[in-house]
Structures are given as C-alpha cells and as structure tokens.
There are 2 protein chains.
Amino acid sequence: MLPFDVDRSSPVPLYFQVAQQIEAAIDSGTLAPGDRLENEVALADRLGLSRPTMRQAIQSLVERGLLVRRRGVGTQVVQGRVRRPVRLSSLHDDLVRSGQHPTTTVLLHETGPAPAEVALTLGLAPGTDVVTLGRLRCVDDGPLAVLHNWLPADLLPADADLTHHGLYEVLRAQGVHLRVASQQISAEGADAETAGRLGLDPGAPVLVVERTCWDDSGRAVEFARHHYRADGYTVEMTLVDP
Amino acid sequence: MLPFDVDRSSPVPLYFQVAQQIEAAIDSGTLAPGDRLENEVALADRLGLSRPTMRQAIQSLVERGLLVRRRGVGTQVVQGRVRRPVRLSSLHDDLVRSGQHPTTTVLLHETGPAPAEVALTLGLAPGTDVVTLGRLRCVDDGPLAVLHNWLPADLLPADADLTHHGLYEVLRAQGVHLRVASQQISAEGADAETAGRLGLDPGAPVLVVERTCWDDSGRAVEFARHHYRADGYTVEMTLVDP
DNA sequence: TAGTGGTCTAGACCACCTC
DNA sequence: AGGTGGTCTAGACCACTAA
C-alpha cells in the first residue's frame with residue numbers, strides 16, 4: 001500500500017503528480033521490477049480521484065515504457081532498467097545535464113538562399129533566405145561533433161551568441177517552442193574536413209544524425225546534419241507498442 | 001467540413017476510426033500542412049461523440065507528430081512530412097514491408113550459460129541458460145546486417161525455423177507479445193569477422209544497434225546487438241515534446 | 001465467476017490566446 | 001469577450017484473463 005497522495009491546491013495537474021510519485025517509487029525500488037500496481041479503480045478511490053484521471057497517470061508511464069498493462073491481468077513494473085532519455089532536447093543541454101562542460105566554436109554563420117534540399121525539407125520556396133550554421137562542439141575530452149544547421153532567416157537574430165549558448169536555448173529565447181522532430185540516424189566514414197575537425201583519420205566511423213524540427217504552430221524551424229565521433233556519442237530511445 | 005463519420009457497429013474503437021480518417025485526410029492532402037482542424041467540441045458534436053473520445057483521437061495523432069495543439073489557438077497539421085515509422089518491429093518484417101526479399105543464414109544457434117553482460121541486461125541469475133543466436137541477413141543487393149541475439153532458453157523452440165521466418169515472428173507464434181524496447185544506436189569500425197560477413201573492408205563504418213525487449217508481462221525477452229552496413233540502413237524516429 | 005483494463009458518455013471549470 | 005485546448009468528475013458497459 002504505497003503512500004501516494006495528491007495536493008489539490010497545487011497547479012501541477014493531478015495525473016502528473018501521481019505519475020511522478022509512481023515513477024519515484026520505481027526509481028527508489030519501492031516498486032520493484034515485476035511488481036503489480038493496485039488496480040486503477042482501487043487506486044483512484046484511495047487517492048480520491050476519478051478513474052479517468054488515474055488512468056491518465058498510469059498511461060503516461062506506460063507510454064514511456066516504465067509500466068506494462070494487460071487487460072484482465074493488471075499493471076506491472078517492467079523488468080530491468082529502461083533507458084529513459086531522448087527527449088526533444090539539444091546536445092548542449094544534454095551535455096550540461098550529464099555534468100560535462102561543452103564548448104562551441106562557430107565555424108560558419110551566414111545568410112543566403114536555401115540549397116534545394118534544405119528548402120524542400122523546411123517547406124520553403126526555393127531561393128528563400130536561410131541561415132547556415134556550422135559549429136564545432138567540444139567537451140572536456142576534446143572534439144565531439146560537427147554541427148550543421150539551416151534555419152529560416154527570420155528565426156535567428158544576427159547577433160545570437162552561439163559560442164556560449166545552445167541553439168535551442170537561443171530559439172527558446174526568441175519565443176520558438178519546438179514540438180516535433182523527425183530524425184534519421186546513420187553511419188559514415190568521415191570525409192577529410194570532418195575528420196580533421198574531430199581529430200580522426202579520414203574514413204573513420206562517425207554517427208550522422210539528420211533532424212528536422214517543427215514548432216507548436218507546425219512551422220518547420222530547423223534542418224540539422226550532425227556528425228559525431230563514434231567513440232563519444234550514442235543515441236538512446238525507447239519504443240512502446242500501442 | 002471534412003466528411004468524417006464513425007461506424008458504431010464496428011469493433012474498431014471510435015477514437016481509432018476517427019484518428020484513421022484524420023490521418024488519411026492528411027495523407028491525401030485533403031488536410032494540408034498548416035491547416036487548422038475544427039475545434040474538439042465542434043468535431044465531437046458533428047460526429048456524435050463525446051469530447052473525451054474526440055480528444056483521444058486527436059491526441060493519438062499529436063503523439064505521433066502529425067498534429068500540433070496550442071491552448072487558446074487550435075489544432076494544426078504539421079508542415080512537412082513527418083517520418084512515420086520506427087515501430088517495435090523486426091528488421092525482417094520491415095524489409096518485407098518495403099518490398100524487399102530478405103534471406104537469412106543462421107551462423108550460430110546454441111544454448112548455454114548467459115555471459116555476465118547478457119544476464120545482467122535480461123535480469124537473469126548469472127549462469128542461467130540462454131539461447132545465443134547469430135544470423136546474417138541479406139537482401140537482393142547482398143549482405144545487410146549481422147544479427148546477434150540472446151534470449152532466455154525457454155522462449156525459443158529448439159527446432160525454430162529461423163532461415164525462413166523472422167525472430168519476432170517465431171516469438172509471436174510462441175505467444176510472446178513484445179511491448180517495450182530500449183535501444184542504443186552507435187557507430188563503429190567493423191572488426192575483421194563482421195567486415196568479412198558484410199563484404200566490407202575491416203574498419204569500414206557500421207551502424208550498431210543494441211536492443212533490449214520486454215513483453216506484456218514486463219519480462220525481458222531478448223538482448224540484441226546488430227551490425228548494419230552503413231550504406232544500407234538508417235534508423236528513423238519521431239520525437240514529440242510533451 | 002470475479003477481477004482487470006479498454007472504451008465511452010455528458011457534462012464541468014479553468015488557463016491561455018486572440019481580437 | 002469569446003474561443004480554444006487542458007483538466008477533471010462520476011458514472012457506465014464491455015472484453016479479456018485467471019481461478
């Protein structure tokens with residue numbers, strides 16, 4: 001009988017409060033892998049919530065792969081540690097969050113007509129002006145990634161300080177709310193220039209991430225092509241079957 | 001005013017019927033990128049549904065990145081084509097679905113005590129028996145991937161025909177319902193053996209996918225390490241910010 | 001048969017955005 | 001001020017699982 005409770009005077013939604021408490025119980029081991037949760041109705045009753053609200057709390061954890069549900073059986077904690085992250089976050093923020101100290105060198109920052117591929121991806125008329133950005137991202141150990149980005153020209157202020165701030169941070173400050181990203185991950189042998197930047201031999205394996213982002217109005221905000229040192233970066237993700 | 005309607009005698013959930021019709025309208029261009037959807041209440045009224053049911057339909061498309069919602073504003077179709085896939089599916093099924101003809105050579109199929117790393121990942125006691133599987137997956141063009149899998153020994157029948165059926169297909173036939181997968185994607189230079197299998201030079205870039213799967217009871221079903229030819233395979237995913 | 005999650009209803013109030 | 005999505009309620013019936 002876990003000591004869940006909710007604070008109805010809080011601005012935090014009730015379903016979210018409950019989801020956080022269940023997640024905390026899983027993290028702390030109070031709910032062990034394989035454990036069954038109380039059923040939805042009983043939990044709702046005990047917390048003084050309606051069943052739909054209780055369901056929403058559980059559903060949010062199911063969608064993140066922490067819990068599994070079976071009709072007629074119940075809800076259980078997934079065995080083993082699910083890799084949590086891969087949110088729609090920036091590399092810069094991810095590095096800071098993991099305790100590193102990323103530094104950035106701006107290699108290229110210019111405005112001009114969009115290349116055909118970029119215009120197509122961003123849904124812009126051919127020849128529309130875009131900002132082309134090239135950056136080298138380093139961590140304590142040395143170079144980690146070469147980052148290329150293309151954005152509609154009106155989104156990025158000309159005097160943006162990309163040396164000390166991540167791109168997404170700058171965009172947030174502009175009132176851009178990223179909402180959806182579609183990305184494609186592949187491997188390549190580094191070309192001479194990329195290899196030089198990353199301190200690798202030409203042909204050395206690099207991880208390539210191509211990403212297109214849209215904001216909360218559905219507008220394309222960015223196309224990115226990033227080349228990562230293979231020994232310094234992995235992409236993690238969790239899939240849940242509907 | 002789109003001609004949506006629902007069939008209340010169908011076993012397909014109402015929210016799913018509606019979601020399918022909205023998605024079809026987006027695919028066909030009837031709902032163009034940037035278009036606003038009717039508001040939730042009006043749509044629910046028009047279709048004779050309650051608002052929560054209508055919301056569930058829209059929500060499912062928002063979570064897949066096809067629609068974006070803003071409070072006080074409305075719901076819009078995302079500009080540009082979101083990459084749809086990355087479900088919890090097998091490589092074999094994905095290849096068949098994309099019109100290719102995968103063939104499989106079983107390199108290794110043996111049972112023995114789990115290596116420490118595998119036992120840890122699957123949450124098994126050290127020394128528990130697991131099936132170790134090595135396969136070479138080819139398509140019309142030639143070799144595509146070297147697949148290594150480790151499964152609890154009781155999950156895979158000894159006489160499973162892995163030459164003509166995908167692993168997940170065999171598991172489904174055993175009554176195993178995969179539900180959650182956690183995977184990590186990286187790049188490597190191919191070692192001599194992998195390079196030989198894939199028809200590459202040693203050190204050539206390969207995409208590495210490590211995946212752990214759980215079924216609908218939360219039990220760990222599989223740990224996989226796959227090496228893909230870099231020129232033949234990419235991983236696609238869509239991220240949506242909550 | 002008893003218990004579980006899956007779906008659905010008909011309302012309600014609120015926060016936020018645009019005008 | 002009016003319209004939008006975000007949250008929440010108190011029920012209901014059904015499909016599926018397990019004993």
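Model, not experiment: these values are computed from the prediction.
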Between B:D94 and B:R137, is there a side-chain N and carboxylate O pair less than 4.0 Å apart?
-> no
Take the protein atom CG of B:L37 and the nucleotide atom P of D:dT4, then report the distance between them rounded to whole Å.
-> 12 Å
Checking side-chain contact (heavy atoms from CB on, under 4.5 Å) for the pair B:Q183/A:T238: CA distance, chi angles, key distance, verdict?
-> CA-CA 6 Å; B:Q183 58 185 32; A:T238 298; over 6 Å; no
Quick one: list whatever passes salt bridge (charged side-chain N to carboxylate O under 4.0 Å, His left out) with B:R69, sequence neighbours left out.
-> B:E40
Please list, by residue number, the residues of residues 6-17 of chain A whose heavy atoms come closer than 4.0 Å to an atom of DNA chain C; answer none if no residue qualifies.
-> none
With A:T163 via side chain to side chain donor-acceptor pair (under 3.5 Å) - residues at least two apart = none
Residue list, salt bridge (charged side-chain N to carboxylate O under 4.0 Å, His left out) with B:R71, at least two apart or on another chain = none
How would you give the extent of chain A contacts on DNA chain C, as first and last nucleotide 5' to 3' within a 4.0 Å heavy-atom cut-off?
-> C:dG3 to C:dT7
Roughly, in whole Å, what's the span from CD in B:E38 to C1' in D:dT4?
-> 14 Å
Could you state the atom-to-atom distance from CZ of B:R36 to P of D:dG3 in whole Å?
-> 12 Å
With sequence neighbours excluded, give me every salt bridge (Lys or Arg N to Asp or Glu O under 4.0 Å) pair touching residues 156-178 of chain B.
-> B:D93-B:R172
Report the residue (A:I58 or A:P52) whose heavy-atom-nearest nucleotide on DNA chain C is the more 5′ of the two.
-> A:I58
Please name the pair of heavy atoms, one in B:V77 and one in B:A32, separated by the smallest distance, quoted to 0.1 Å.
-> CB-O, 3.5 Å
Residue met sooner reading DNA chain D from 5', once B:V41 and A:M54 are mapped to nucleotides = B:V41
Taking the side chain as every heavy atom from C-beta outward, state whether A:R179 and A:D215 have any atom pair closer than 4.5 Å.
-> no
Quantify the bending of the helix from C:dT1-D:dA18 to C:dT18-D:dA1 as the angle between its end axes, each fitted on five pairs, to 10°.
-> 10°
Should B:N39 be listed as having a side-chain N or O under 4.0 Å from OP1 or OP2 of D:dG3?
-> no
Hits for side chain to side chain donor-acceptor pair (under 3.5 Å) against B:T30, two or more places apart or cross-chain, chain-then-number order -> B:S28
Would you say B:T75 reaches D:dT4's phosphate, i.e. side-chain N/O to OP1/OP2 under 4.0 Å?
-> no
Enumerate the residue pairs fulfilling salt bridge (Lys or Arg N to Asp or Glu O under 4.0 Å) with a member in residues 113-128 of chain B, sequence neighbours excluded, ordered by first and then second residue.
-> B:E117-B:R225
Would you list the pairs meeting ring pair (Phe, Tyr, Trp, His ring centres under 6.0 Å) in which at least one residue belongs to residues 156-183 of chain A, sequence neighbours left out?
-> none
Taking atom CZ of A:F16 as the centre, report whether more than 12 heavy atoms of other residues, nucleotides or ligands fall under 6.0 Å from it.
-> no
If a protein heavy atom is under 4.0 Å from the base, mark B; if only from the sugar-phosphate, S; if neither, -; do that for nucleotides 14-19 of chain D going 5' to 3'.
-> -BBB--
Of all residues at least two apart in sequence or in a different chain, which pass the side chain to side chain donor-acceptor pair (under 3.5 Å) check with A:E38?
-> A:R46
